[in-house]
Amino acid sequence: MPGKRPAPEPPEPLSPLIDAHTHLDACGAADAASVTAVVDRAAAVGVGRVVTIADDLAAARFAVEAAQSDSRVFAAVALHPTRANALDDAARTELEKLASQPRVVAVGESGLDYFWPGKLDGCAEVEEQIEGFRWHIDLAKRTGKPLMIHNREADHDVLAVLLDEGAPETVIFHCFSSDANMARACVDEGYVLSFSGTVSFRNARELHEAAKLVPDELILVETDAPYLTPHPFRGAPNEPYCLPYTVRALAELRGQEPAELAAITTANAERVYRLPIS
């Protein structure tokens, strides 16, 4: 779990940046004042806007409240695949209402996670995850909002369900962690790949190769805070202000200037999430 090491020092500012996927509640934000404090720390190093993500109903409610409390925050709502067994009629009704809110810019994170079943008490089984994934795909299409995917050890089935259901207009693979073959398959479909601190890990060689082949127009950057803190701070608590560390590592891999990649990913986030142009 994050937090065993001291928080990283703020990086050298890099602007403009948008954190395409973070969890403000898990970062410790609990009210409007603490949301503003987290976003202020990010803005001080160039991360001017964030998209805060839900993985259960309580987090979905908080994400919408956070987005309504600070103009720099936007929200995405869904049930995480490991919690798909909680997607009853009441949850579906509430998620539909939340997803229709104007400051909700995506349906997510949904998808498939084949790592946790059998290891985590109460985790949704594969069949329940697939059913929930199909419902979230439909919700994204009905609302006209991007679908944000969580994919862990389920490459084939994630693509198969998207093909079977018919993918929404915009699909984002958050925290892309697969290899170059999966990246090519996603790029061929026009899916957007978002990279987190894992791309800075020295032993993530397959991910490094994947990151190199993604076209400029299909790339985003994120923290997934408070998790996946970039090198050399693994094990420390992550926050949106740490995003420039990841962007600089990703830019080096791709042979780009950090400022160039920052501008590219910001423009992509504005387009994908339909945000106001900065």
Side-chain angles (χ1 to χ4, degrees), residues 8-22 24 38-53 67 70-76 103 105-106 108 145-146 148-149 169-177 180 183-184 186-187 190-201 204 207-225 228-231 233 238-278:
E9 289 293 317
E12 181 182 347
L14 182 62
S15 180
L17 282 174
I18 295 174
D19 186 348
H21 183 116
T22 190
L24 293 182
V38 173
V39 182
D40 281 348
R41 286 193 288 274
V45 296
V47 185
R49 287 169 286 180
V50 306
V51 181
T52 190
I53 313 301
D70 192 306
S71 63
R72 300 167 295 179
V73 179
F74 299 86
R103 295 194 65 78
V105 296
K145 295 182 179 181
M148 183 183 295
I149 290 179
E169 180 180 352
T170 303
V171 173
I172 303 162
F173 276 76
H174 117 79
C175 186
F176 185 84
S177 301
R184 289 190 189 94
C186 291
V187 166
Y191 300 155
V192 178
L193 306 186
S194 183
F195 290 90
S196 72
T198 54
V199 80
S200 72
F201 297 171
L207 179 57
H208 294 168
E209 295 307 310
K212 294 175 186 177
L213 62 83
V214 181
D216 283 352
E217 66 271 16
L218 295 179
I219 196 166
L220 293 174
V221 288
E222 63 172 85
T223 58
D224 198 21
L228 306 179
T229 313
H231 177 81
F233 305 106
N238 199 7
E239 261 196 31
Y241 79 82
C242 295
L243 186 59
Y245 289 119
T246 293
V247 176
R248 289 188 170 97
L250 181 59
E252 183 176 358
L253 279 172
R254 291 169 56 86
Q256 293 173 300
E257 291 297 322
E260 175 192 12
L261 185 58
I264 287 168
T265 57
T266 293
N268 289 344
E270 290 172 339
R271 183 188 78 247
V272 166
Y273 292 130
R274 299 174 186 170
L275 306 182
I277 305 299
S278 59

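We use all heavy atoms of the structure for the numbers below, so side chains are in, but hydrogens, waters and symmetry mates are not. Bear in mind that the values here come from a model prediction, so they are computed numbers and not experimental data. Throughout, residue positions are numbered sequentially from 1 according to the sequence presented.
P244 has its side chain out of reach of E12: every pair of non-hydrogen atoms, C-beta onward, lies at least 4.5 Å apart. At least one side-chain heavy atom of L24 sits under 4.5 Å from a side-chain heavy atom of P240. Counting heavy atoms from C-beta outward, R254 and D216 have side chains that approach closer than 4.5 Å. F195 is listed as a side-chain neighbour of L207, based on a closest heavy-atom distance under 4.5 Å. Between I219 and N268 there is a side-chain heavy-atom pair separated by less than 4.5 Å. The shortest side-chain heavy-atom distance between E260 and I264 falls under the 4.5 Å cut-off. No side-chain heavy atom of N238 sits less than 4.5 Å from a side-chain heavy atom of D224.
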E270 vs R49, salt bridge (Lys or Arg N to Asp or Glu O under 4.0 Å): CA-CA, chis, key distance, verdict: CA-CA 10 Å; E270 290 172 339; R49 287 169 286 180; 2.7 Å; yes
Verdict with supporting geometry, D40 and R72, side chain to side chain contact (heavy atoms under 4.5 Å, CB included): CA-CA 9 Å; D40 281 348; R72 300 167 295 179; 2.9 Å; yes
Residues L253, K212; criterion side chain to side chain contact (heavy atoms under 4.5 Å, CB included); working and verdict: CA-CA 7 Å; L253 279 172; K212 294 175 186 177; 4.3 Å; yes
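Formation of a donor-acceptor pair under 3.5 Å by the R271 side chain with backbone atoms of E217 is found in this model. Side-chain atoms of H231 do not come within 3.5 Å of backbone N or O of V199 as any donor-acceptor pair. With S200 contributing its side chain and P230 its backbone, the two residues share no donor-acceptor pair below 3.5 Å. In this structure, R103 contributes its side chain and V73 its backbone to a donor-acceptor pair below 3.5 Å. For E239 (side chain) and A225 (main-chain N/O), no donor-acceptor pair under 3.5 Å exists by modelled atom type.
With rounding to the nearest 0.5 Å, the separation of SG in C175 from CD1 in I53 is 12.0 Å. With rounding to the nearest 0.5 angstrom, the CZ atom of F201 is 7.5 Å from the OG1 atom of T229. Here CG of L213 is found 13.5 Å from NE2 of H208. Values are rounded to the nearest 0.5 Å. The structure places CG of L193 at 12.5 Å from NE2 of H174, a figure rounded to the nearest 0.5 Å. In this structure, L218 CG and T265 OG1 are separated by 13.0 Å, a value rounded to the nearest 0.5 Å.
Within 6.0 Å of CD on E169 lie no more than 12 heavy atoms contributed by other residues, nucleotides or ligands.
The aromatic rings of Y245 and F233 lie tilted to each other, with the angle between the two planes from 30° to 60°.
Remark: aromatic rings of Y273 and F74 are distant, center separation not under 6.0 Å.
For the residue pair T223 and D19, a side-chain donor N or O sits within less than 3.5 Å of a side-chain acceptor on the partner.
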